[in-house]
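So the structure is just underneath, and the comments pick up after that.
Reckoned from all heavy atoms, side chains included, excluding hydrogens, waters and symmetry mates. In listed order, ligands and their atoms are each counted from 1.
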Amino acid sequence: MALFSQVILHIALPVPLRRLFDYLLPSELETDAIDVANTIEKVTIGQRVVVPFGRQTLVGVVLAVDTHTDQDVAKLKPALSFVENQASFDAAQLQLLNWAAEYYQHPIGDVFSMALPGALRSPKTIDEQLPKVLQKCDELPDKQALPKNAKQIHKLYDVIRSGSFTRDELNKKDITSTTIKKFIDKNWAEWTTSGQGSSAVTASHINEGLALNTEQAIAVAAINAVNHHQCFLIDGVTGSGKTEVYLQAIEHRLLNQWQVLVCVPEIGLTPQTIARFKQRFDVPVALWHSAMTDKQRFDTWQQTRSGKARIVIATRSGIFLPFKSLGMIIIDEEHDASFKQQDGFKYHCRSLALYRAHQANIPVVLGSATPSLETLYNVEQGKFSYLQLQRRAGGSQMPTTHLLDLNRCQTQAALGQPLIDEISNQLDKGRQVMLFINRRGFAPVLMCEECHWLTECGRCSSFTTYHKNSNLLICHHCGFQHPTLHQCLGCGSTRMTPVGTGTEQIESNLANLFPATEIVRLDRDSTSKKGEFDDKLNKINAGQPMIIVGTQMIAKGHHFPNVSLVGIVDVDGALFSSDFRAAEKLSQLVVQVAGRAGRGSIKGQVWLQTKFPEHPVIQDLVNNEYKDFAKYALNERKMLSLPPYSHHIILRAESTIPDLGQQWLSNLSGYLSDYEGLSILGPTPAPMTRKAGKFRHMLIIQSQSRPYLHKLVNWLLENLDTIQKDNRIRWSVDVDPVDLS
Ligand code: ADP
Ligand code: ZN
Ligand code: ZN
C-alpha cells in the first residue's frame, strides 16, 4: 500500500500556469493494482483524466507517470477518474505540443486544451461522440432475394454494399429513413461506430490534371521525388499555377496512401478553393477552421485520426490535428500574417509545420508570390529547396503598374481623375474594376471643423471609425462603439466632418460617379451574415461589368478572370510606420492585390495612388519586382542585425497604471543586461500605447543565437514570481513576434 500510493500522475491542466500538476491515481485503481511498475504501465500517456482543482473539477491530460514528485506526497490528492482507456493525443502530437509549449513559453495545459476539439474538453469519451454509420450485417441477402420494383431498397442495398455511411451521407444520397428502418428491422444493417476507415485511394479517384508547363513540371517532379523530410519554397508570381503544382504533388502522396494537410490563411478558405480540391479528388476532404461548430470540428478531428480524411484543408490550428498517416504539409501564402496567432498561445503555424514535418520525416511545401524574408533567408542558407514559377500559367500576362501622383492631378471622391477616367474606360469595355483600400467604415475619424477636436476612443490611444451605414463610431482596437456624435465634445459645434477614407465612403462616392454600375463591397462589415461573402464572390465570378471595393479580403487567392484594372487607393499610411516589417508587409499586400488584375485573357493594369511618389518603397513597387525588394530588404536587415539575422522575444506588460509597465520591464531587463550576446531594446511604450483602458509597454530581447536567447528568457520566466511579482501587471511573452503593435 505504501509503495503503491507513490505512483504519481503529472497532468497538464487548462489553467494559465507554466507547469504540470501532480496527482495520485484515482482511488478505485489503487486497491486493485498489484505493483507499481504494473500500474504505471496501465496508464496511457495522453489520456484524459478528471481531477479536483480547488473547488473546481477539471479535465486534464496525463503527460507523465512515475514515482517522483517535488511536492509533499501526503498533500497530493487522488485524481477522480480517467475519462477512458485510450489516449486523446498520439505520440506525434505529444511531442509537437510539448515542444511548442516550451518554445513559445506558453502554459502547457493551455496548449493541450487548445489542441483538443471543443467536444473533448468535457469528460465525455471519444466513443460517445463518434458519429454512427450504417453498416451491412451478415444477414444481408443476395440481390436476387430483394423484392422486385422496390427502387429505394435496391438503392440502399447498393450503397451499403459499397461501404458504411453516416445519416448525413445517406441523406445526401436521398435514402429515406423508412428504407433504413426496413433494413434494420430485417437485420440487414446496423448502426455502429466502426467503419471509420476508407478504402485505398486508386487512380480511379483522381481526375486528370492540367498539362504542366516546364517550370511547374520541374516543381512537381522535385517534390514527388522526395520520401523524407525536405522543405520546398514555391516562389511563383500570382497566377503562375501554384495550386496546380500542389494538386499534382497531393495526387502522388494520395496514391501512396498518405494524408495531406493544406494550410491556408484565414480568409483563403473560400468555396472556390475547396471546390478545386474536391473536383480533382474523389476522396474524403475535411475542413478545419474557426467558423465550424464543435460537432463539425470533432468530425474532422476524428476523420483525421482514423485516416478516413485524406486531405485536410485548414487554417493555422490544423497543424495540431492527429493524423494517422501524414505524408506532406502544404502552406499556401506562407508569408501571410494570419499563420501567427496574435493572442494567447502565440505560435506560428509555419514554424510548427517545419517541426512536425521534420519529426514525421515528410516534405513541407511553402508557396507564395511574395515569400516572407524569413523563408527567403532559409533558401539563401541552403536549408530550403527553391522552386520558381516566373510566368503566369494558362497564357495570361502580368499586369502593368502605373503610379498616380496625387499632388499632380485633380481628385474627386478620393480618386485621382486619370484613374476615374480609366475606370470608366474599362467598364465601357465590359470589364470589372477592383479598388482596394485597407480600411473599413466610412472614415477613420470625425473632426470638428471649428476646434479640430477628433473623435477618439476613451479607452485606447486611437480614434473611432465613423460607420455611416450603421450610424456608429467604432473603435477597431477594443470594439467600443457609440452612436455617431453630431456635436463636438470640445466646443459644442455641430460642424463634425469625416476625415480620411474607408470602404463605405469609396462605395458611396462611386455610386455617385457611376450610377449605372453595380458596386460590390467586400469587407468584414458587408460580409458578416452567413452566406453573404459567398454570394458576393459568386456575383463577381459571373463576370458582369462592376466595381469591387474591398479591404485585404479581396487581396488573396481569388481568381476573377474579368478584372482588368486594380486601383490601390491609399498606401501612404503604411510608408511611415515604426515597425521594421512595415515595408515588407506593404510590398506583399500590394503585389497580392495587383495579382488580381488580368488573370483572364485580357492584360491587366494596376494603379497605385500616392502623395509620396519618390518614396523608395513606392519606387520599388512600380519599377522593380518583389524579388528585388526582398533582396534589398534582406541586406538591410543583415546590416542592422534584425530578424531573420537575429531572433526576437518580446515581453509585454499591461496595466491600468500609466508607467507601471515601464518600471516593471525596466527592472526585469536589469536581470539580463549583464549577459553578452544579448541586445535589449526598450522598454518602450507599445506603438498602440493604450488599448482597452490598459497602458502597454514592451521589451524586445534580441540575440544572434536562438538557443541562448531561449535559455535566458526561460530562466527569467521560471523565476519571475520570485524576482518580481506584481498583481497589477498583466504580462505576456511573444516568441518570434511578427507584429509589434
Ligand atoms: P496561383 O495559385 O499561382 O495564383 P493558380 O493555380 O490559381 O495560380 O492558377 C492560375 C490559373 O492558371 C488558373 O485558372 C489555373 O487553372 C490556370 N493554370 C494553372 N496551371 C496551368 C497549366 N499548366 N495549363 C493551363 N492553365 C493552367
Ligand atoms: Zn469643436
Ligand atoms: Zn478602443
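- The shortest separation from a heavy atom of Arg276 to ligand 1 is under 4.0 Å, placing the residue in contact.
- Those atoms of ligand 1 that come under 4.0 Å of a heavy atom in Lys242, given as number and element, are 1 (P), 2 (O), 3 (O), 4 (O), 6 (O), 8 (O).
- No hydrogens or angles considered: a donor-acceptor pair under 3.5 Å links the side chains of Ser368 and His335.
- Here the Zn ion (ligand 3) has protein N, O or S atoms under 2.8 Å from it, and they come to 4.
- Looking from atom 20 (N) of ligand 1 to the surrounding protein, the closest heavy atom is Gln216 NE2, 3.0 Å.
- The Arg599 neighbourhood of ligand 1 comprises atoms 4 (O), 7 (O), 8 (O), 10 (C), with distances under 4.0 Å to a heavy atom of that residue.
- Atom 2 (O) of ligand 1 has Thr243 OG1, 3.0 Å as its closest protein atom, hydrogens excluded (heavy atom only).
- Looking at atom 19 (C) of ligand 1, its nearest protein heavy atom turns out to be Ala393 CB, 3.5 Å.
- Electrostatic pairing of Lys539 and Glu518 counts as a salt bridge here, judged by a charged N lying under 4.0 Å from a carboxylate O.
- Between atom 5 (P) of ligand 1 and the options Gly241, Ala369, Pro561, the minimum heavy-atom separation is to Gly241.
- The nearest heavy-atom contact from the protein to atom 4 (O) of ligand 1 is Gly239 N, 2.9 Å.
- A distance-only check finds a donor-acceptor pair linking the side chain of Glu215 to the backbone of Gln390 [under 3.5 Å].
- No donor-acceptor distance shorter than 3.5 angstrom exists from the side chain of Ser240 to the backbone of Arg392, with no hydrogens or angles considered.
- No side-chain donor-acceptor contact under 3.5 Å links Thr315 and Trp288.
- Protein heavy atom closest to atom 21 (C) of ligand 1, with residue, atom name and distance, is Leu210 CD1, 3.4 Å.
- In this structure, Arg392 has no heavy atom closer than 4.0 Å to ligand 1.
- Numbered from 1 in the order shown, with element, the atoms of ligand 1 that lie under 4.0 Å from a heavy atom of Leu212 read 23 (N).
- If you put the vertex on the Zn ion (ligand 2), SG of Cys491 and SG of Cys488 sit 110° apart, to the nearest 10°.
- Here the protein heavy atom with the shortest distance to atom 14 (O) of ligand 1 is His559 NE2, 3.1 Å.
- Of the N and O atoms on the side chains of Thr551 and Asn438, not one donor lies less than 3.5 Å from an acceptor on the other residue.
- Taking the ring axis of Phe695 as reference, the NZ or CZ atom of Arg690 stays within 45° of it and closer than 6.0 Å to the ring centre.
- Gln588 places none of its side-chain heavy atoms less than 4.5 Å from the side chain of Val591.
- Between Phe629 and Tyr626, the distance from one ring center to the other falls under 6.0 angstrom.
- Rounded to the nearest 0.5 angstrom, Thr243 OG1 and Arg276 CZ are separated by 4.0 Å.
- Side-chain atoms of Asp620 and Tyr632 form no donor-acceptor pair, as typed in the model, at a separation below 3.5 Å.
- How far CD of Glu333 is from CZ of Phe339: 8.0 Å, rounded to the nearest 0.5 Å.
- Residue Gly236 places every heavy atom at 4.0 Å or more from ligand 1.
- Among all protein heavy atoms, the one lying closest to atom 24 (N) of ligand 1 is Ala211 O, 3.7 Å.
- In this structure, a donor-acceptor pair under 3.5 Å is present between the side chains of Gln230 and Ser385.
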